Q: 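Quick one: structure below, then a few questions.
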Amino acid sequence: MNIEDWPILKSRGFLALYSFTQKGVFPESVAGAADVALIGQRAEQSVELLRAASYLPDACTVIVRSANRTSVATLQGGLVCEGDQSLNIGLFLPKARGLDVVELEQPSERPQFDDLGLQTLLNICERIDRCEVARVILLRIGDKEISIRAHRGKFDVLTGAEAPLGIAALVRGAIDAGEEVAYSIAESDGQSADTPYTIGDLLGLSELGFGASDLGGNPLNDAYRSLSLRRVAEKLSDGGVVASIEVRDLAGKIILKLSVGEK
């Protein structure tokens, strides 16, 4: 890979170009004005975001932007380009296109969360997702009982709550208070399977910056993956490092966009 003549290296806003493997992140070209320690740290963050984004089907490139930073990490060539807000990524991505795609090792097929409230909601979503025929699910959340009608990843709220986010708030409140959250499955109530809500509504994905189009062929798997990306981004956004993240596929099509770290 001959990068010496790449236009991005002499362009406005360019700070550094790195390569990465499973073993780490390595500098290829660094501008004289760059803060080497800071830019190297940002490149490592970009690779971590790309690793989290790799849970999303077809994800290949992550673009990170903030008030003073533009970063592009791509599996194409295993490269990270760091710059300030004026960096022209259009000079970089066409050069990376066509390079061999590297792989980033994932610790598991499906990410797990140390947020017990979120993981409990995801467990409920899994039960909703497994209802091949319409079923009534009784949720016991602390001293409250809520009934929903579930069918193939969608559901309706029958009694005990006004909307999905109300259920989510009760679940999180019960977990925080150390109260029990459990469910049981009842037979169908014989009513038509009117299921206006999705798993994303229960998880509040729209409130987190994810649109309905962000959940594709398998909403539950994509919910896990999208939430994993946001979790990593939030950890890296301390100090306002990350403002927005864009995930693209191999052809450059945008898969997911979200905002993080904005106060």
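In this text, all values refer to a predicted model and were calculated from it rather than measured experimentally.
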Q: Show, in sequence, the C-alpha distance, side-chain angles and deciding distance for Arg248 and Ile63, and conclude whether the side-chain contact (heavy atoms from CB on, under 4.5 Å) test is met.
A: CA-CA 8 Å; Arg248 298 186 183 185; Ile63 301 170; 3.5 Å; yes
Q: Decide yes or no for Tyr18 and Val47: does some side-chain heavy atom of the first lie under 4.5 Å from some side-chain heavy atom of the second?
A: no
Q: Under the 3.5 angstrom rule, does the side chain of His151 hit a backbone N or O of Arg135 as a donor-acceptor pair?
A: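 Looks like no, no N/O pair under 3.5 Å.
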Q: Starting at CD1 of Ile255, measure out to SG of Cys60 and round the result to the nearest 0.5 Å.
A: 8.5 Å
Q: Are any of the side-chain heavy atoms of Val72 and Thr61 separated by less than 4.5 Å?
A: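 Yes, their side chains come closer than 4.5 Å.
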Q: Suppose we screen for side chain to side chain donor-acceptor pair (under 3.5 Å). Which residues come up paired with Arg127, at least two apart in sequence or across chains?
A: none
Q: Starting from Leu17, can I reach Leu99 by hopping between I/L/V/M/F/W/Y residues whose side chains sit under 4.5 Å apart?
A: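 Hydrophobic grouping puts Leu99 with Leu17.
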Q: Would you compute the distance between atom CG of Leu87 and atom CG of Leu15 and round it to the nearest 0.5 angstrom?
A: 8.0 Å
Q: Just to verify, what does Asp84 make a side-chain contact (heavy atoms from CB on, under 4.5 Å) with, not counting sequence neighbours?
A: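 For Asp84, the residues satisfying side-chain contact (heavy atoms from CB on, under 4.5 Å) (neighbours in sequence not counted) are Ser86.
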Q: Return the set of residues passing side chain to side chain donor-acceptor pair (under 3.5 Å) with Ser147 (not counting sequence neighbours), or none when no residue passes.
A: Thr159
Q: With a 3.5 Å cut-off and sequence neighbours excluded, list the donor-acceptor pairs that the side chains of residues 179-186 form with protein atoms.
A:
from, atom 1, to, atom 2, distance (Å)
Ser184, OG, Arg140, NH1, 3.3

Q: With rounding to the nearest 0.5 Å, note down the distance linking CZ in Phe92 to CD1 in Ile3.
A: 9.5 Å
Q: Mark yes when over 12 heavy atoms from residues, nucleotides or ligands other than Glu162 sit less than 6.0 Å from its CD; otherwise mark no.
A: no
Q: Got a sec, which residues hit side-chain contact (heavy atoms from CB on, under 4.5 Å) with Leu170, two or more places apart in sequence or on another chain?
A: Ile141, Lys144, Ile146
Q: Enumerate, atom names and distances included, each donor-acceptor pair closer than 3.5 Å involving a side-chain atom of residues 7-14, sequence neighbours excluded.
A:
from, atom 1, to, atom 2, distance (Å)
Ser11, OG, Ile8, O, 2.8

Q: Are the side chains of Phe26 and Thr21 in contact, using a 4.5 Å heavy-atom criterion?
A: yes
Q: So, using side chain to side chain donor-acceptor pair (under 3.5 Å) as the criterion, who are the partners of Gln76 when residues are at least two apart?
A: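 By the side chain to side chain donor-acceptor pair (under 3.5 Å) rule, Gln76 matches no residue at all.
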Q: Just to verify, what does Asp115 make a side-chain contact (heavy atoms from CB on, under 4.5 Å) with, not counting sequence neighbours?
A: Leu118, Arg172
Q: When rounded to the nearest 0.5 angstrom, what is the spacing between NZ in Lys154 and CD1 in Ile128?
A: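 Taking NZ in Lys154 and CD1 in Ile128, the distance rounds to 12.5 Å.
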Q: Linking Ile, Leu, Val, Met, Phe, Trp and Tyr by side-chain heavy atoms under 4.5 Å, what else ends up with Val36?
A: Val30
Q: Just by distance, with hydrogens left out, do Gln85 and Thr70 show a side-chain donor and acceptor under 3.5 Å apart?
A: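 Gln85 vs Thr70: no donor-acceptor pair found between side chains.
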Q: Given side chains that start at C-beta, do those of Asp156 and Ile148 come closer than 4.5 Å, heavy atoms only?
A: no
Q: Taking only residues two or more places apart in sequence or in another chain, which ones pass side chain to side chain donor-acceptor pair (under 3.5 Å) with Asn88?
A: none
Q: State which residue, out of Leu202, Asp201, Leu203, fulfils the side-chain contact (heavy atoms from CB on, under 4.5 Å) condition with Ile199.
A: Leu203
Q: May I ask you to decide if Arg42's main-chain N or O and Ser46's side chain share a donor-acceptor pair within less than 3.5 Å?
A: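 Indeed, once roles are kept as given, a pair shorter than 3.5 Å links the two residues.
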Q: More than 12 heavy atoms of other residues, nucleotides or ligands under 6.0 Å from NZ of Lys95: is that the case?
A: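 For Lys95, atom NZ is crowded (more than 12 foreign heavy atoms under 6.0 Å).
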Q: Please answer whether the main-chain N or O of Phe113 pairs with a side-chain N or O of Gln119 as donor and acceptor at a distance below 3.5 Å.
A: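 Yes: the side chain of Gln119 pairs with the backbone of Phe113.
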Q: If you compare all heavy atoms of Leu229 against all heavy atoms of Leu49, which two are closest, and at what distance to 0.1 Å?
A: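 Reported closest heavy-atom pair: CD1-O, 3.6 Å.
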Q: Would you kindly confirm whether Leu38 and Phe20 end up in one hydrophobic cluster when ILVMFWY residues are joined by side chain heavy atoms under 4.5 Å apart?
A: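 No; tracing contacts between hydrophobic side chains, which count when under 4.5 Å, never links both residues.
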Q: Atom CD1 in Ile137, atom CG in Leu139: separation rounded to 0.5 Å?
A: 6.5 Å
Q: Run through the side-chain heavy atoms of Ile, Leu, Val, Met, Phe, Trp and Tyr, join any pair under 4.5 Å, and report what else lands in Ile254's cluster.
A: none
Q: Is Asp176 atom CG crowded by more than 12 heavy atoms from other residues, nucleotides or ligands, each under 6.0 Å away?
A: yes
Q: Hey, could you give me the CZ/OG distance between Arg69 and Ser66, rounded to the nearest 0.5 Å?
A: 6.5 Å
Q: Could you list the residues that satisfy salt bridge (charged side-chain N to carboxylate O under 4.0 Å, His left out) with Glu103, not counting sequence neighbours?
A: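 By the salt bridge (charged side-chain N to carboxylate O under 4.0 Å, His left out) rule, Glu103 matches no residue at all.
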